[in-house]
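This report refers to the structure that appears directly beneath it.
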Protein chains: 2
Amino acid sequence: MSTKNKILDAAEKLFADKGFNGTSLREITSLAEVNLAAVNYHFGSKKELIKAVMSRYMDELSPRLESALVNICQSTAQPSLTEVFSAFVEPLLALNDFQEHGTTNFLQLLGRGYTDSQGFLRWFLTTSYPNVIDNFVEAVHKAYPELSAEDMFWRLHFTMGTIVFTMSSSDALMDIARNDFSNDIDIGGVIRQVIPYVAAGVAAPV
Amino acid sequence: MSTKNKILDAAEKLFADKGFNGTSLREITSLAEVNLAAVNYHFGSKKELIKAVMSRYMDELSPRLESALVNICQSTAQPSLTEVFSAFVEPLLALNDFQEHGTTNFLQLLGRGYTDSQGFLRWFLTTSYPNVIDNFVEAVHKAYPELSAEDMFWRLHFTMGTIVFTMSSSDALMDIARNDFSNDIDIGGVIRQVIPYVAAGVAAPV
DNA sequence: ACACAGTTTAAACAAGTGTTTAAACTAACG
DNA sequence: CGTTAGTTTAAACACTTGTTTAAACTGTGT
């Protein structure tokens with residue numbers, strides 16, 4: 001395994017766990033078992049490393065997501081909101097083949113990106129991967145045409161919040177669920193729990 | 001104004017804005033125009049200062065919330081979920097009388113507390129103010145008795161996520177909304193937008 | 001006027017941060 | 001072999017972090 005990938009893997013795990021601000025380059029390089037200076041040699045700066053970690057996932061996820069959403073839009077004239085949201089499940093779970101704990105890590109990172117580092121990651125993602133958002137908006141509009149652009153805007157952000165926040169604390173939540181309900185649950189189970197919730201939220205009457 | 005309160009006010013604003021990890025004591029004391037050592041003299045440590053900032057709000061909010069929820073439970077045999085969630089509006093907006101931008105600041109701080117500082121604040125809040133959660137769970141159960149304890153658990157956390165995430169980026173979202181829809185909106189407007197969403201989400205069929 | 005508790009202050013502390021430097025190493029090619 | 005480009009390394013850089021120290025200041029009660 002190359003030094004570059006060792007750094008990316010270690011950074012991903014630590015960023016997801018403790019946030020971008022909360023993780024030092026020394027923690028990353030010592031988990032990756034490489035020299036401290038390797039980060040700046042291969043990536044230039046910590047900020048660029050953060051972008052690289054996110055890009056690795058987005059480049060994997062974005063085309064799958066795009067085709068899944070386009071597929072929904074073309075196959076049925078008016079898909080249900082549940083169908084639209086379910087389009088996310090397979091591409092997201094596919095990240096587990098790409099990397100160990102890929103789904104959880106990516107969603108946690110996404111959550112971190114929205115709150116840590118005063119939102120520079122949000123800017124980076126929305127400008128680098130606008131198709132994902134556009135396709136999603138189009139699919140939701142087909143499923144629920146009466147929804148005004150403004151209401152759509154708010155509800156999509158509410159949905160984003162639900163997903164991202166849930167996933168960024170999903171480890172803790174799954175532990176509690178296992179304890180209180182002695183019901184073993186994995187990340188796929190959480191996703192299946194959240195879909196009816198967000199679908200109903202977006203579908204709420206105005 | 002006492003030094004203690006000057007510190008609390010400055011810390012609150014900066015914590016809400018840049019997170020707990022992202023704010024240094026030097027930033028706080030220089031905004032508060034007090035000496036650096038004053039924080040450790042009056043609060044003991046940064047961690048205790050964070051608790052103090054949150055407690056100031058929770059002590060104000062918690063009784064109002066409790067009576068509003070108890071009121072709902074006693075007045076009607078089976079309240080609607082919208083009524084339950086609406087019980088939060090007045091107590092939350094009342095924080096604006098208590099402090100300038102009190103509502104926004106508090107909700108942003110709550111969001112920070114869940115992601116920053118590996119969740120020690122979540123522990124602090126749930127153990128220090130359990131009545132709020134208990135009352136809320138009871139009210140939701142009255143409104144939607146068919147919901148199993150496990151589904152309730154997940155949906156309440158989804159709701160928490162929606163609220164907290166939305167509010168922690170509400171400034172940015174309100175700016176976008178103003179630009180794209182030339183529709184002036186304040187924090188109360190955001191709250192009124194989010195209630196139908198979470199009510200429908202919690203009410204979703206299982 | 002004195003003493004004393006409460007508070008404020010400047011300075012220093014040790015530890016941790018991201019980044020840079022220049023020397024050492026590694027492998028491939030002429 | 002010797003050269004060269006790519007990579008790794010230990011050490012240092014300048015700076016920021018939370019916390020502590022001991023001296024100075026404040027007002028109140030005797």
Side-chain angles (χ1 to χ4, degrees), chain A residues 1-56 108-109 112-113 115-124, chain B residues 1-56 108-109 112-113 115-124:
Chain A
M1 168 124 66
S2 70
T3 302
K4 221 169 164 173
N5 279 325
K6 280 199 270 185
I7 295 174
L8 283 172
D9 288 349
E12 169 187 323
K13 187 181 294 240
L14 290 169
F15 283 155
D17 221 49
K18 325 167 41 142
F20 303 113
N21 288 338
T23 306
S24 73
L25 294 185
R26 280 168 181 81
E27 291 180 87
I28 293 170
T29 53
S30 97
L31 178 62
E33 295 181 307
V34 302
N35 187 272
L36 166 65
V39 172
N40 289 278
Y41 176 76
H42 285 284
F43 298 95
S45 69
K46 185 181 180 182
K47 215 165 198 168
E48 290 298 320
L49 172 63
I50 296 175
K51 286 193 198 173
V53 169
M54 292 308 289
S55 296
R56 196 164 60 143
Q108 290 186 359
L109 288 169
R112 300 295 188 180
T115 49
D116 272 21
S117 54
Q118 56 262 29
F120 102 92
L121 238 179
R122 174 168 32 184
W123 172 87
F124 169 68
Chain B
M1 171 127 63
S2 70
T3 302
K4 222 169 164 173
N5 279 324
K6 280 199 270 186
I7 293 175
L8 284 172
D9 288 349
E12 169 187 323
K13 186 181 296 240
L14 290 169
F15 283 155
D17 221 48
K18 324 165 44 142
F20 301 114
N21 288 337
T23 306
S24 72
L25 294 184
R26 280 166 181 82
E27 291 180 88
I28 294 170
T29 52
S30 95
L31 177 62
E33 295 181 307
V34 303
N35 187 274
L36 167 65
V39 171
N40 289 279
Y41 177 75
H42 285 284
F43 297 95
S45 68
K46 186 181 180 181
K47 215 163 198 170
E48 289 300 319
L49 171 62
I50 296 175
K51 285 193 199 172
V53 168
M54 292 309 289
S55 296
R56 196 165 58 145
Q108 290 187 358
L109 288 169
R112 300 294 188 181
T115 49
D116 272 21
S117 54
Q118 55 261 33
F120 102 92
L121 237 179
R122 174 169 32 184
W123 172 85
F124 169 68

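First the proteins, then the strands, lettered A, B, ... as listed; each starts at 1.
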Residue-phosphate contact under 4.0 Å: [X] side-chain N/O, [N] OP1/OP2:
{"X": "B/T3", "N": "C/dT8", "value": "yes"}
{"X": "A/H42", "N": "D/dT8", "value": "yes"}
{"X": "A/S24", "N": "C/dG16", "value": "no"}

How is A/T23 classified with respect to the nucleic acid when contacts are heavy atoms under 4.0 Å: base, sugar-phosphate, or nothing?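 It contacts sugar-phosphate atoms only.
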Residue [X], side-chain atoms from C-beta onward, closest of [options]:
{"X": "B/N40", "options": "D/dT19, C/dT8, D/dT8", "answer": "D/dT19"}
{"X": "A/Y41", "options": "D/dT17, D/dG6, D/dT19", "answer": "D/dG6"}
{"X": "A/A37", "options": "D/dT19, D/dA12, D/dA10", "answer": "D/dA10"}

Say you draw a straight line from CZ of B/F15 to CG of B/N21; how long is it, rounded to the nearest 0.5 Å?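 Separation between the atoms: 9.5 Å.
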Starting at CG of B/L49, measure out to NE2 of B/H42 and round the result to the nearest 0.5 Å.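 So the gap between those two atoms works out to 11.5 Å.
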Atom [atom1] of [X] to atom [atom2] of [N]: distance rounded to whole Å?
{"X": "B/I7", "N": "D/dT19", "atom1": "CD1", "atom2": "P", "answer": "13 Å"}
{"X": "B/N35", "N": "C/dG6", "atom1": "CG", "atom2": "P", "answer": "19 Å"}
{"X": "B/E33", "N": "C/dA10", "atom1": "CD", "atom2": "P", "answer": "13 Å"}
{"X": "B/F43", "N": "D/dG18", "atom1": "CZ", "atom2": "P", "answer": "15 Å"}
{"X": "A/L25", "N": "C/dT17", "atom1": "CG", "atom2": "C1'", "answer": "8 Å"}
{"X": "B/I28", "N": "D/dG18", "atom1": "CD1", "atom2": "P", "answer": "8 Å"}
{"X": "A/K46", "N": "D/dC15", "atom1": "NZ", "atom2": "P", "answer": "19 Å"}
{"X": "B/K4", "N": "C/dT7", "atom1": "NZ", "atom2": "P", "answer": "9 Å"}

Is there a donor-acceptor pair closer than 3.5 Å between any side-chain N or O of A/R56 and the backbone N or O of A/E12?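 Here the side-chain-to-backbone pair does not exist.
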Is any side-chain heavy atom of A/T29 less than 4.5 Å from a side-chain heavy atom of A/N35?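 No. Closest side-chain heavy atoms not under 4.5 Å.
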Counting only distance, no hydrogens or angles, is the base of D/dG18 paired donor-acceptor with the side chain of B/R26 under 3.5 Å?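 Per atom types, the contact qualifies.
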Does A/K13, at its NZ atom, have more than 12 non-hydrogen atoms belonging to other residues, nucleotides or ligands within less than 6.0 Å?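 Not buried by this count: 12 neighbours or fewer within 6.0 Å.
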